[in-house]
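Just so we're clear, the structure is a prediction, and the values are computed from it rather than from any experiment. Just so it is clear: chains get the letters A, B, ... in the order the sequence lines come, proteins before strands, and each one is counted from 1.
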There are 2 protein chains.
Amino acid sequence: MRVSVGEQGKVAKKKAIGKTRKPEREEVPAGDNTKHTMRDVARLAGVSISTVSAVINGTPKVSPVRTQRVYEAMQSLDYQPDQIARSLKVGRSRTIGVVVPDITNAFYPEVIRGIEEAAHKSGYGVLLCDSNEDPAREKEHLSTLFSRRVDGVILACSDTSAAYDVLVARRFPLVFVDRIPKGVRQNAVSTNNIKAARMATRHLIDLGHKRIAVLAGDLNFSTHAERLEGFKRAMHQAGLDIPEAYLRSGNLQLEDGYEAGLELLKLKHPPTAVFASNNKLLVGLLRAVSEMHVPCPGKVSVLGFDDHVWNQHFNPRLTSVAQPTYDIGRCAFEMLLARMEDQPLPGKQWSSIMLLDAQLKIRESTAPPASDGRKS
Amino acid sequence: MRVSVGEQGKVAKKKAIGKTRKPEREEVPAGDNTKHTMRDVARLAGVSISTVSAVINGTPKVSPVRTQRVYEAMQSLDYQPDQIARSLKVGRSRTIGVVVPDITNAFYPEVIRGIEEAAHKSGYGVLLCDSNEDPAREKEHLSTLFSRRVDGVILACSDTSAAYDVLVARRFPLVFVDRIPKGVRQNAVSTNNIKAARMATRHLIDLGHKRIAVLAGDLNFSTHAERLEGFKRAMHQAGLDIPEAYLRSGNLQLEDGYEAGLELLKLKHPPTAVFASNNKLLVGLLRAVSEMHVPCPGKVSVLGFDDHVWNQHFNPRLTSVAQPTYDIGRCAFEMLLARMEDQPLPGKQWSSIMLLDAQLKIRESTAPPASDGRKS
DNA sequence: CTGTTAGCGCATTCAT
DNA sequence: ATGAATGCGCTAACAG
């Protein structure tokens, strides 16, 4: 179809030279499974190639007649503009990269969902990368993303050591989600972890608890450090102190939560409530509680961070802090979009870290402490 | 900086067009925040542009000296090849599209993980799309993926009506995962649902159960239809029959599982075991069981499809069918890769549907029926 | 081996 | 309002 130049006469001048097509072309059936270009459309519509471009982009005004003809041609050829070529030309790919440490952690799919929906609404594609909690892999991903010429990146980093902005911030717009590297003071969106943890802890305190332990996670991550900070503030404000044995930090895997839980429960003065700083820790803790047959919330109240479907169907139903995961994703994309399109930043907030409020879902795993915990 | 070519005002000769290069650009300023092209590298290395291309692609042999020089130049300029340009030239983007119905459903992140890892290992990027269980959205995604010139697509469809292959199979290589549309007999990978369901059901039967109910889900989806089929076969083989009231199908949301569970448990002859065909149904069922204070597994055994972290920490720990999610993703990519690169198919298997075996994780939610359920 | 050159498909001045 | 021409950055013949 496309090789039959010369028919229309007008275009068949020197143009034939540019088209050094060899007649090796096997016969093509009806132009069905063929990929068509703007030229094909132009020819069929009897207009120039730039007119086609014009109607596609709506740029200059094109007469209704020709517009119509072009549309019909596109239709009949089932023409789809080649975004690759377009990207090369305009220098923007309308694609963003999203790199997360572990898509298997239920927290991330939800923020990805927020990103994805907002992105597609704005015509952006999402290139997904999983760093598997491995800084080296993350770096590699960042590099290939750059090579693929993404317009921007949303990153939930897997590395606690900084140097992020030095590394890539100037290569393309970058916004951090969830975990925010030290030193970063803008282009980031996360949960207001301090506030959330404080609220959660206060809930425990209001219930009458005085001996509250915390499974704090890895304090090298901003998220966990902040949650502990919020916890401490609430405790301090209530005049309660935190025995060293009640403060467990370090790693953040399920097993860590399990072991820490076991040790906590075996203390001569066990806590009457435990706050777990993320979902994995929480599950581990729950397992310890269940294994030691400690009634919950009867003997120990349990409160966790991250709220998933399971939490409300667990037995007992779990009180937990629900992060605004979807909104984190959405906001992150919007922040990135503003940078990518150089929009005037609508307010100071955009040039600083954006903190979203979490919600405390009070269910059955938290209750007033047993009598021995209530005295004083 | 690189646009300072306009010395000649007008292009003198057509012949000179290709030679618009001017050696005016000698000093390489801190080549830091600038994007460099192969030309910059070539100039710095003192070689031709195609030599640079050659060392990058390793295509023809380049003398070690020049190779070295090129590498140094690339290094010092921090040069990253522009994949967009490359894609346009070679006609392949080294990108695949992945569209899932709901990334929030824990099943998909795991298969995505399998896809992602295999893809990156082969140098492919993954464009993620979430159709939100909406056929229209899915279609739209397929269309933009085509426009973005992905080399292939892995699709977990959200539409039960067929016409998939007619629609897109010839536009680009396509592999189905999980849900397989009716009529598709190749380019698909999924769990061997019939076998898995049969095995699970047999486990219940072996335990001594005779009154087994099933929450079958939406039978328009191949996955659910097959699971029911497997269930039926096992029952039939054991000479057990399935009262109509024990077979619940239709929708597959959590609430459906909850309501069905309630009704089942309220029957004059309630089942002694229930098989839930997916994770949401299972959670709903569990909730009903817990709410009615029916001891599990004491009074009713529960077995589910899909195995997530939570399952093994639930109380009681859940017996469930673990699908080979990661492998499904990995295999799907490999199947797609074979098609994209036109590799000779290693065996008939590739040209048919690939079914992976699931694993039955026996835990605590299944046990022999109570005495009143054991008689005949 | 190495350099020159012609486009890939599209957006965009700049002439009409 | 419309069309011819130019090049985005790169690869692949084809020359030398």
In whole Å, I'd like the distance from the [atom1] atom of [X] to the [atom2] atom of [N].
X: Arg39(A); N: dA4(D); atom1: CZ; atom2: C1'; value: 13 Å
X: Arg149(A); N: dC8(D); atom1: CZ; atom2: C1'; value: 11 Å
X: Lys35(B); N: dC10(D); atom1: NZ; atom2: P; value: 11 Å
X: His36(B); N: dC8(D); atom1: NE2; atom2: P; value: 16 Å
X: Arg94(B); N: dT11(D); atom1: CZ; atom2: P; value: 12 Å
X: Arg92(B); N: dG9(C); atom1: CZ; atom2: P; value: 16 Å
X: Arg69(A); N: dG3(D); atom1: CZ; atom2: C1'; value: 14 Å
X: Ile84(A); N: dG9(D); atom1: CD1; atom2: P; value: 15 Å

Short side-chain N/O contact from [X] to OP1 or OP2 of [N], under 4.0 Å:
X: Tyr79(B); N: dG9(D); result: no
X: Thr37(A); N: dG9(C); result: no
X: Ser53(A); N: dA11(C); result: yes

Query - Test item: side-chain donor near acceptor, Ser158(B) and Arg137(B), under 3.5 Å - result: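 There is no such pair between these side chains.
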Counting side-chain heavy atoms from CB outward, which of [options] is closest to [X]?
X: Ser50(B); options: dT11(D), dG9(D), dT4(C); result: dT4(C)
X: Arg66(B); options: dC10(D), dG3(D), dT2(C); result: dT2(C)
X: Ala85(B); options: dT11(D), dA11(C), dG9(D); result: dG9(D)
X: Lys89(B); options: dG3(C), dT2(D), dC8(C); result: dC8(C)
X: Arg86(A); options: dC10(D), dA1(D), dA11(C); result: dA11(C)

Query raised in the report: Contact class for Met38(A) vs. all strands (heavy atom < 4.0 Å): base, sugar-phosphate, or nothing?
Result: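 The residue Met38(A) makes sugar-phosphate contact but no base contact.
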Requested in this report: Measure the acute angle between the ring planes of Tyr124(B) and Phe333(B), then classify it against the limits of 30° and 60° as parallel, tilted or perpendicular.
Outcome: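 Geometry flag for Phe333(B) against Tyr124(B): perpendicular rings.
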Query raised in the report: Can you find a pair of side-chain heavy atoms, one from Arg92(B) and one from Glu341(B), that are under 4.5 Å apart?
Result: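 Yes, their side chains come closer than 4.5 Å.
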Report task. Tell whether Thr51(B) reaches the base of dG3(C) with its side chain through a donor-acceptor pair below 3.5 angstrom. Result ->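 There is none.
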Query raised in the report: When you check the gap from the basic side-chain N to the acidic O, do Arg113(A) and Glu117(A) get nearer than 4.0 Å?
Result: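 Answer for the salt bridge query: yes.
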Requested in this report: Find which nucleotide of DNA chain D each of Ile56(B) and Leu88(A) is nearest to by heavy atoms, and output the residue with the more 5' nucleotide.
Outcome: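 The residue whose closest nucleotide sits nearer the 5' end is Leu88(A).
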Query raised in the report: Do we get Arg149(A) above Phe146(A)'s six-membered ring, with its NZ or CZ under 6.0 Å from the centre and within 45° of the axis?
Result: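 Arg149(A) over Phe146(A) ring: yes.
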Query raised in the report: When the nearest nucleotide of DNA chain C is assigned to Val47(B) and to Val90(B) on a heavy-atom basis, which residue is associated with the more 5' position?
Result: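 Result: Val47(B).
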